[in-house]
Amino acid sequence: MTNHWLMKSELDVYPWSQLQIDGWTHWDGVRNYQARNMMRDDMKVGDMVMFYHSNCKPPHVAGIARVRREGYPDFTSWDAKSKYYDEKSSPDNPRWFMVDIEPVLSFDSIVDLPSMRGEVNLEDMPLLRKGQRLSVQPVPEEHFEHILRMAGHTMEDVE
DNA sequence: GCCAACGTTGGC
DNA sequence: GCCAACGTTGGC
C-alpha cells in the first residue's frame, strides 16, 4: 500500500532542480516531532512525495519524488558543525530522523498555491489550512491524483 | 516587511 | 501542569 506525502523545501535552500542534479538526497534538518514521527514510522520505500517549494512567489508543487530509503537517524543532529545540531541527539540515542528521496517526475507546468486554493476538490487539504506549517504531511490519494492532473499528468506517469 | 499561527522553553 | 515569552514558519 503506497502512501502519499508532501514535503516542503524553501526554493533558495534546496530546490527541485538540485534534487534532479543530485539524483537523490537525504531529507535532513527536520526538527519538528510530528514530521519526525511520520518519517520515522510511516513513510515507506516507494511512497510518493509531492515536492513543494515554499517561501517563493507563488509557492508551488514542482514535481514528484519517491521514498528510496525509510526512516533512519538524521546524522546532522549530532554533528556539532551542522546548523541542525542538537546536543540532545546522539548516535546511541538519536532524536531526529530522515528519509531519502529521489525524483520521479518533473511537472510540465508547476501547480501553484493560488490554483490549488481555487479547487473545490482540494478544499480540505491540510496544506491549504491557515496556519499549518508542517514541513512533512500526508496527502490523501485523491488529492494527490487531482494535483497530478492539474500539472497535466496522470498516475501512470509516476508508476 | 508584516503578522498570524503554532511549537518550544522555562519560571513558578 | 500552567502559561507567558519567545522563536519560527511561511503566506501575503
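Below, read A as the first sequence line, B as the second, and so on, with proteins coming before strands; counting in each chain starts at 1.
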Hey, is the side chain of A:Tyr52 poking within less than 4.0 Å of OP1 or OP2 on C:dT9, counting only N and O atoms? no
Got a salt bridge between A:Asp41 and A:Arg36, using NZ or NE/NH1/NH2 to carboxylate O under 4.0 Å? no
Provide, to the nearest angstrom, the distance between the NZ atom belonging to A:Lys83 and the C1' atom belonging to C:dT8. 13 Å
Cluster link A:Leu122 to A:Met50, ILVMFWY, side chain under 4.5 Å: yes
Between CG of A:Asn37 and C1' of B:dG7 the distance, given in whole Å, is 14 Å
Does the ring centre of A:Trp96 sit less than 6.0 Å away from the ring centre of A:Tyr85? no
Under the rule for side-chain contact (heavy atoms from CB on, under 4.5 Å), what residues qualify as partners of A:Asp100, not counting sequence neighbours? A:Trp24, A:His26, A:Arg68, A:Arg69, A:Tyr72
Sub-4.5 Å side-chain heavy-atom contact between A:Met116 and A:His143: no
Residues from residues 125-135 of chain A sitting under 4.0 Å of DNA chain B, heavy atoms only? A:Lys130, A:Gly131, A:Arg133
Could you give the CG-to-C1' distance, from A:Asn32 to C:dG10, as a whole number of Å? 14 Å
Under 4.0 Å, heavy atom to any atom of DNA chain B: which of residues 85-93 of chain A qualify? none
If you assign each of A:Gln34 and A:Lys57 to its closest nucleotide in DNA chain B, which residue comes earlier from the 5' end? A:Lys57
Is any side-chain N or O of A:Lys8 closer than 4.0 Å to OP1 or OP2 of C:dT9? no
Aromatic centroids of A:Phe51 and A:Trp27 separated by under 6.0 Å: yes
Could you give the CE-to-P distance, from A:Met116 to C:dC12, as a whole number of Å? 11 Å
Between NE2 of A:His53 and C1' of C:dG10 the distance, given in whole Å, is 15 Å
Measure OH/A:Tyr33 against P/B:dT8 and give the value in whole Å, please. 7 Å
